[in-house]
Amino acid sequence: MSHKIVIVGGGASGFMAAIQAARNGASVTILEQNGKFGRKLQSTGNGKCNLTNLEQNCSCYRSSTPEFAGKVLSRFDVHQTVRFFTDIGIYTKNKNGYLYPHSEQASSVMEVLEMEARNLKIKRKTQEKVLKIRKTNEGFLVATKTWEYPCDRVILACGSKASAIEGADGSGYRLASDLGHTIVKPMPALTGIKGTGRFYTKWAGVRTGACVTLVINGLPLKQECGEVQLTDYGISGIPVFQLSRYAARALYEKCTVSMYLDFLPEFDPEGLLTFLKERRAHNPYKTLRESLIGLFPDKLIDVLMIDTKTEEQLAEKIKKLEVPVKETMSFEHAQVCSGGVDLKEINSETMESRLVSGIYFCGELLDVDGACGGYNLQWAWSSGALAGISAARS
């Protein structure tokens, strides 16, 4: 029997779910509340769309149920994802394991998804915000402002609150909650950090290499290294993004949170002090500040020299400059959310609700957030594919 499936959300996971469901014989309708499909997808990777990453391990996916993502990805993995996109027309470009469409245009990805959907006769409707999902004797009624869609199965692929794109309102959490599901509090992830203090305007605009260590209640938790952006509100850049979800959760739990920057991680503290003293000895006519020229950008030197009188004080700041964390940037500035629908209430083999038979979930709406580097899109492809296949076959 052919199932009639309504998919709420026309983004990455929603289209993957729709295509897989249609390929397995279902009659599929996608309802998207925006005027255009895949708006967030088309902005990913600065418009280039980092589709996925060949380097996959469980540490790349964060959740309050850590083993869940690995189980889902084992059922539709990165190699199946690459084959899927190759088959529908995306030839990938490999940049050290980071896969992009060869065109380096995110719009290409959305276009081929839409073409495949048309080919499979998937009904696609925009400007249709779902207000309620009601269980009936025959299945479900999915109600919008203007219509009710009867169906046998519903796949919630609504996305999260993260994004400045209109429609990223977290309405999917309400739909899931109305169906009885628990929501792990959504918080911004992959975003910048606001610090307390007044020196940030001095270094605003600087990009520099550093290692960033997240410290919670005085104990180091994680470290990330790479290019850090120094901003007028605090710090940003990929190393900061990777740590931001842990900082947000710790702040929510009323912990004391700091990030420490090491601007010369190749030196240990003693080696750095020796290095700084040798620079002064070779050029005794230079002041302490002048000895840093050629080592750091001028704006960063200005910050490092605040209340600094000796090489010892300078070495300490270079190795361990504290940014006390006030808060993360808002949902509008975040790439994804941490938190979402509690995975304990979802079957990892099918993506079906354990509470309401016939309801399926995929994508960012769930309590899974990936690291930078294509992992959040891989989660969308894997969870969407599994939800679509399962809903069509069950």
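Without hydrogens or angle criteria, Trp381 side chain to Phe84 main chain gives no donor-acceptor distance under 3.5 Å. Under a 3.5 Å cut-off, the side chain of Gln313 and the backbone N or O of Lys309 do form a donor-acceptor pair. The backbone N or O of Cys372 sits less than 3.5 Å from a side-chain atom of Gln242, completing a donor-acceptor pair. Between the Gln80 side chain and the Asp77 main chain, a donor and an acceptor come within less than 3.5 Å of each other. A donor-acceptor contact shorter than 3.5 Å is absent between the side chain of Ser390 and the backbone of Ala387. Under the 3.5 Å distance criterion, the side-chain polar atoms of Arg174 are left unmatched by any main-chain donor or acceptor of Lys132. Remark: the backbone N or O of Val78 is not paired with any side-chain donor or acceptor of Thr52 at under 3.5 angstrom. Looking at Asn283, its side chain never comes within 3.5 Å of a backbone N or O of Lys286 through a donor-acceptor pair. Asn217 contributes a side-chain N or O that, together with a main-chain N or O of Thr256, makes up a donor-acceptor pair within less than 3.5 Å. When atom types are taken as modelled, the side chain of Asn50 and the backbone of Leu99 share a donor-acceptor pair closer than 3.5 angstrom.
Other residues, nucleotides and ligands place more than 12 heavy atoms under 6.0 Å from the CD atom of Glu266. The local environment of NZ in Lys125 is sparse, with at most 12 non-hydrogen atoms from other residues, nucleotides or ligands closer than 6.0 Å. Atom NZ of Lys135 has more than 12 heavy atoms from other residues, nucleotides or ligands within 6.0 Å. Few gaps surround NZ on Lys299; more than 12 heavy atoms of other groups in view lie less than 6.0 Å from it. For Asn96, the CG atom sits in a loose shell: 12 or fewer heavy atoms of surrounding residues, nucleotides or ligands are nearer than 6.0 Å.
The minimum heavy-atom distance between Ala371 and Asn376, with the atom names listed, is O-ND2, 3.7 Å. For the pair Leu377 and Cys49, the tightest heavy-atom approach, listed with the atom from each and the gap, is CD1-SG, 3.9 Å. Here the shortest heavy-atom pairing between Leu73 and Ser382 reads CG-OG, 3.7 Å. For the pair Cys362 and Ala17, the tightest heavy-atom approach, listed with the atom from each and the gap, is SG-CB, 4.4 Å. Nearest approach of Val28 to Ala21, heavy atoms of both residues: CG2-CB, 3.9 Å.
In this structure, CD on Glu327 lies 4.5 Å from NZ on Lys194, to the nearest 0.5 angstrom. We find the CG-OH distance between Leu156 and Tyr360 to be 12.5 Å, quoted to the nearest 0.5 Å. To the nearest 0.5 angstrom, His79 atom NE2 is 8.5 Å from Gln56 atom CD. Put simply, CG on Leu288 and CG on Leu304 are 10.0 Å apart, with the number rounded to the nearest 0.5 Å. Taken from CD in Glu67 to CG in Leu343, the straight-line distance is 8.5 Å, to the nearest 0.5 Å. In this structure, CG in Leu221 is found 10.0 Å from OG1 in Thr213, a value given to the nearest 0.5 Å.
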task = Any chance you could lay out the side chain to side chain contact (heavy atoms under 4.5 Å, CB included) test for Leu321 and Tyr260, step after step, and finish with the verdict?
result = CA-CA 5 Å; Leu321 182 69; Tyr260 287 87; over 6 Å; no

request  = Could you please spell out the steps behind the side chain to side chain donor-acceptor pair (under 3.5 Å) verdict for Glu345 and Ser353?
outcome  = CA-CA 6 Å; Glu345 300 168 355; Ser353 166; over 6 Å; no

message = Evaluate Glu128 against Thr144 for side chain to side chain donor-acceptor pair (under 3.5 Å), listing each step before the verdict.
response = CA-CA 6 Å; Glu128 281 284 68; Thr144 68; 3.3 Å; yes

request  = Determine, stepwise, if the pair Thr191 / Ser244 fulfils side chain to side chain donor-acceptor pair (under 3.5 Å).
outcome  = CA-CA 6 Å; Thr191 191; Ser244 59; 6.0 Å; no

query = Between Trp379 and Tyr375, does a ring-ring contact (aromatic ring centres under 6.0 Å, His included) hold up when you go through it step by step?
reply = CA-CA 6 Å; Trp379 170 246; Tyr375 297 104; over 10 Å; no

key: Pair Met16-Ser13, side chain to side chain contact (heavy atoms under 4.5 Å, CB included): steps then yes or no   = CA-CA 5 Å; Met16 176 61 91; Ser13 67; 5.7 Å; no

task = Begin with the C-alpha distance, continue with both residues' side-chain angles, and end with the deciding distance and a verdict on side chain to side chain contact (heavy atoms under 4.5 Å, CB included) for Val6 and Ile155.
result = CA-CA 6 Å; Val6 168; Ile155 300 176; over 6 Å; no

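Under 4.0 Å is where a charged nitrogen must lie from a carboxylate oxygen, and between Glu104 and Lys48 at least one such pair does. Using a 4.0 Å cut-off between charged side-chain N and carboxylate O, Glu349 and Lys71 make no salt bridge. Under the 4.0 Å criterion applied to side-chain N and carboxylate O atoms, Asp302 and Arg289 are assigned as salt-bridge partners. For the pair Arg245 and Asp369, the salt-bridge criterion is met [side-chain N within less than 4.0 Å of a carboxylate O]. Ion pairing between Arg153 and Glu352 fails under the 4.0 Å rule for side-chain N and carboxylate O.
A cation-pi arrangement is present between Lys95 and Tyr100 under the rule of less than 6.0 angstrom and at most 45 degrees off the ring axis.
The six-membered or imidazole ring of His181 lies away from that of Tyr173, with a centre-to-centre distance of 6.0 Å or more. The distance between the ring centers of Tyr233 and Tyr200 does not fall below 6.0 angstrom.
A side-chain contact (heavy atoms from CB on, under 4.5 Å) with Val154 is found for exactly one of Val356, Ile5, Ile7, Val8, namely Val8. Glu311 pairs in a salt bridge (Lys or Arg N to Asp or Glu O under 4.0 Å) with only one of the listed residues (Arg279, Arg280, Lys277), which is Arg280.
Note on Leu261: it does not cluster hydrophobically with Ile238, by side-chain heavy-atom contacts below 4.5 Å among ILVMFWY residues. In this structure, Leu300 is a member of the same hydrophobic cluster as Leu276, with clusters built from ILVMFWY side-chain heavy atoms closer than 4.5 Å.
Counting only heavy atoms from C-beta outward, the side chains of Leu292 and Leu314 approach each other to under 4.5 Å. The side-chain heavy atoms of Ile183 and Asp342, taken from C-beta on, include no pair separated by under 4.5 Å.
Between Trp203 and Phe199, the ring planes lie perpendicular to each other; the angle is over 60°, past the 30° to 60° tilted range.
Between Ser236 and Thr231, the side chains place no donor N or O within less than 3.5 Å of an acceptor N or O (distance only, hydrogens not considered). For Arg62 and Ser338, the side-chain atoms include no donor-acceptor pair closer than 3.5 Å.
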